[in-house]
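A quick note: this is a predicted structure, and the numbers were derived from the prediction, not measured. Computed over heavy atoms, backbone and side chain alike; hydrogens, waters and symmetry mates excluded. Residue numbering restarts at 1 for every chain, and letters A, B, ... go by the order of the sequence lines.
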Amino acid sequence: MGFWFSADLWQLTLQATAALLFVSFGVYLPMRAGVLVLGAEGAMLFGCFGAIAAQVLTDGGALAGLLGAVAASTCASALFAAVAISGRVNPIVTGIALNFIAVGGTSVLTAVLFAGEGTIVTPSLEPLPRIELPIVESVPWLGDVVSGQTIVLYAAVLTTPLLALWLNRTRGGLTTRVVGSAPAVAVAAGRSPARTQWIALVVGGVFIGLGGAQLALASAAQFSPGMTNARGFIALALVLIAAQRPWLLLPLAITFAYFDTLGFNLQNIGLPTELSGVLPYVAIIAMLAVPSIARRFRPDAAAEAGGSRVVP
Amino acid sequence: MIDARRVLTIVLVAVLGLAVVAVLLAALQGVDQVAPGFASFFAGIGGTDTALASTARTMTPILLIAVSASVSIRAGLFDVGQVGQYVIGGLAAATAGTVLPGPGVVVAIGSLLIGALAGGIWASAIGGLAVATRVQLVVLTLIANYFADGLARFITRTTLQDPDAHSIVATRMIPQDAWLPVLIPRTSLHLGFVIAIAVTVVVWAVVRYTVAGHRLTMYGRNPRFATLAGVDSRRYPLTVLLGSGSITGLAGAIEVFGVYHRFQDGTLGGPSSVAWTGLTAAILIPSGLLIMLPAAFFLAALTTGLAGVQRDIGITAGMGTLVQGVLIVIAAVALSRQTPRARTAGRPAPAPPPAREPAMSAVKEES
């Protein structure tokens with residue numbers, strides 16, 4: 001299968017997919033409730049830091065790391081909700097501020113808790129356990145790629161249809177969508193938009209924390225200052241492409257993760273390493289351009305749907 | 001232009017900034033370290049001529065970028081791609097500086113203009129992409145910041161790399177006669193500081209006294225009205241981005257010609273880029289222009305002051321970023337409390353869902 005389809009490359013792709021997918025859920029849910037979570041990047045960085053800090057401080061292994069990541073990221077999301085929803089500050093301004101607080105805060109906390117600067121890595125850190133899937137394991141290529149991933153990946157893949165079903169088929173999902181598209185209607189029906197958005201942001205924070213845990217604990221368990229590397233913003237772009245089709249997040253996340261992983265592996269076939277800083281962004285721009293190119297060829301369908309980025 | 005409430009905001013933010021620094025010092029280093037910490041803080045800002053010159057030098061890109069961001073915010077465009085424009089402007093100027101022939105003055109002027117133009121074209125191109133893909137400008141420009149950084153590193157490494165620089169990704173040095181002259185001997189303050197102030201005053205005058213400035217403000221206040229008055233709503237935002245992006249591009253070019261004398265990966269971009277600080281000023285005081293002079297000085301002082309504390313007492317470099325984030329939150333909450341808003345009891349009206357807004361949506365002015 002050569003380089004492009006090698007099991008190693010795809011194994012790493014799925015590993016990166018898990019983190020990106022959960023962060024995308026964390027952005028998607030509040031987006032449907034009408035909040036653009038520009039602070040996802042910061043919340044994810046707090047999640048990564050929480051995963052490592054909780055492990056070192058409690059000595060509790062991978063589970064403590066997972067819980068620490070979720071706790072840290074949920075707190076960050078709650079802060080976002082408190083300022084943007086309760087404090088009524090422009091969510092864009094809040095998001096940018098939260099990203100500052102995350103970059104600076106994790107750096108200060110690293111200095112305070114671990115008396116150092118930059119990367120935290122100690123031998124005692126335990127990565128997330130790998131799970132071998134019973135039958136898939138022995139299938140030639142698939143076994144290497146799909147089996148032996150962390151629980152976060154399997155949870156992320158399972159969450160995709162569950163999230164779609166919840167949004168489209170339940171009362172809570174309906175409320176969320178109404179708050180996002182017609183807040184006045186939600187108020188008339190006796191629902192509080194602010195409360196719904198708060199819940200969406202806090203649950204989103206849990207999702208983002210799982211993504212952060214995957215990023216920090218999937219391969220080499222460590223924290224480094226710039227480790228989220230725009231994934232929170234990439235998730236925002238994916239969410240805007242997916243619009244009212246949550247199931248699209250899975251293929252979108254895999255596609256981006258493939259190019260992201262590819263960038264770091266191109267040196268194996270003799271291309272410069274620096275492509276890793278270019279390729280993912282070219283990929284995301286191309287992915288963003290696809291719907292508008294498709295629209296150009298189907299003017300009627302696009303007009304009917306009112307454009308693909310409109311929330312119902 | 002400078003009304004009392006904005007001055008009050010600056011004073012409020014300055015006092016709060018000092019308070020946040022004090023609280024963090026007390027929490028991290030103990031209460032007894034607050035006094036010596038503040039001594040180091042003020043010594044870092046202006047204790048010596050060198051320190052004061054360093055604060056003014058730090059203020060230079062912050063001021064230009066604050067003005068740039070302020071121009072786009074005034075037109076209702078939430079462009080947060082200053083980091084990318086800054087990097088691209090710096091790279092273009094450094095490249096021009098190494099290849100342009102002629103005497104130093106000509107090389108410097110030509111390169112600064114090329115850097116400015118590159119920043120403007122980058123900003124405008126990202127804006128065009130936002131329109132074409134119908135993705136909000138704020139999301140696309142955030143991603144573009146990382147893209148610009150990666151692209152600059154890639155171009156530098158593959159085509160412009162200085163063969164003598166082994167451990168860093170950097171272009172060749174610019175010839176010494178093209179460097180921006182140092183204003184005060186034995187300090188780091190260069191001519192760029194004067195250029196930045198001049199640009200600020202010119203932009204203020206253009207916005208205040210010309211038809212172009214009126215058009216800018218009108219478009220930001222009410223794009224539909226501006227369209228009816230004859231502004232081309234498809235091309236105009238891209239023109240504004242070309243202009244505001246070129247101010248940030250100029251900032252990158254000045255930083256390269258005044259401080260680093262080459263483009264070096266990691267000096268202009270990244271999460272701790274000074275461009276974020278310039279953006280902070282523009283967010284704290286949307287649409288402000290002359291007020292950016294004290295605002296940029298204050299934020300530069302925060303940076304050099306904390307560097308002084310870091311040197312003497314040993315706090316982490318991330319503190320400055322943390323304080324900026326906390327300041328934005330405090331100031332934004334304070335400002336949103338000041339603004340009277342229609343509010344029916346028990347019925348908070350949330351902002352309309354952002355996903356429904358067009359890519360180039362207008363931003364509500366906070367003040």
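Identified under the salt bridge (Lys or Arg N to Asp or Glu O under 4.0 Å) test for residues 266-277 of chain B, with sequence neighbours left out: none.
Of the two parts of Val83(A), only the side chain, counted from C-beta on, holds a non-hydrogen atom closer than 4.5 Å to a non-hydrogen atom of chain B. With a 4.5 angstrom heavy-atom cutoff, Leu140(B) touches chain A only via side-chain atoms. Using a 4.5 Å cut-off between heavy atoms, Ile96(A) touches chain B through its side chain atoms alone. Only the side chain of Leu129(B) comes within contact range of chain A, with at least one heavy atom under 4.5 Å from a heavy atom of that chain. Within the 4.5 angstrom heavy-atom criterion, no atom of Ile85(A) approaches chain B. The contact between Leu38(A) and chain B is made entirely by side chain atoms (from C-beta outward), counting heavy-atom distances below 4.5 Å.
Atom CD1 of Ile65(B) and atom CD of Gln82(B) lie 7.5 Å apart (nearest 0.5 Å).
Arg157(B) meets the salt bridge (charged side-chain N to carboxylate O under 4.0 Å, His left out) test with Glu274(A); sequence neighbours excluded.
Between Phe147(B) and Trp122(B), the ring center distance clears the sub-6.0 Å criterion.
Counting heavy-atom pairs closer than 4.5 Å to chain B, the top-ranked of the candidates Thr273(A), Thr94(A), Val239(A), Ile234(A) is Ile234(A). Highest contact tally toward chain B, considering only Leu236(A), Val278(A), Leu279(A), is held by Val278(A) [criterion: heavy-atom pairs under 4.5 Å].
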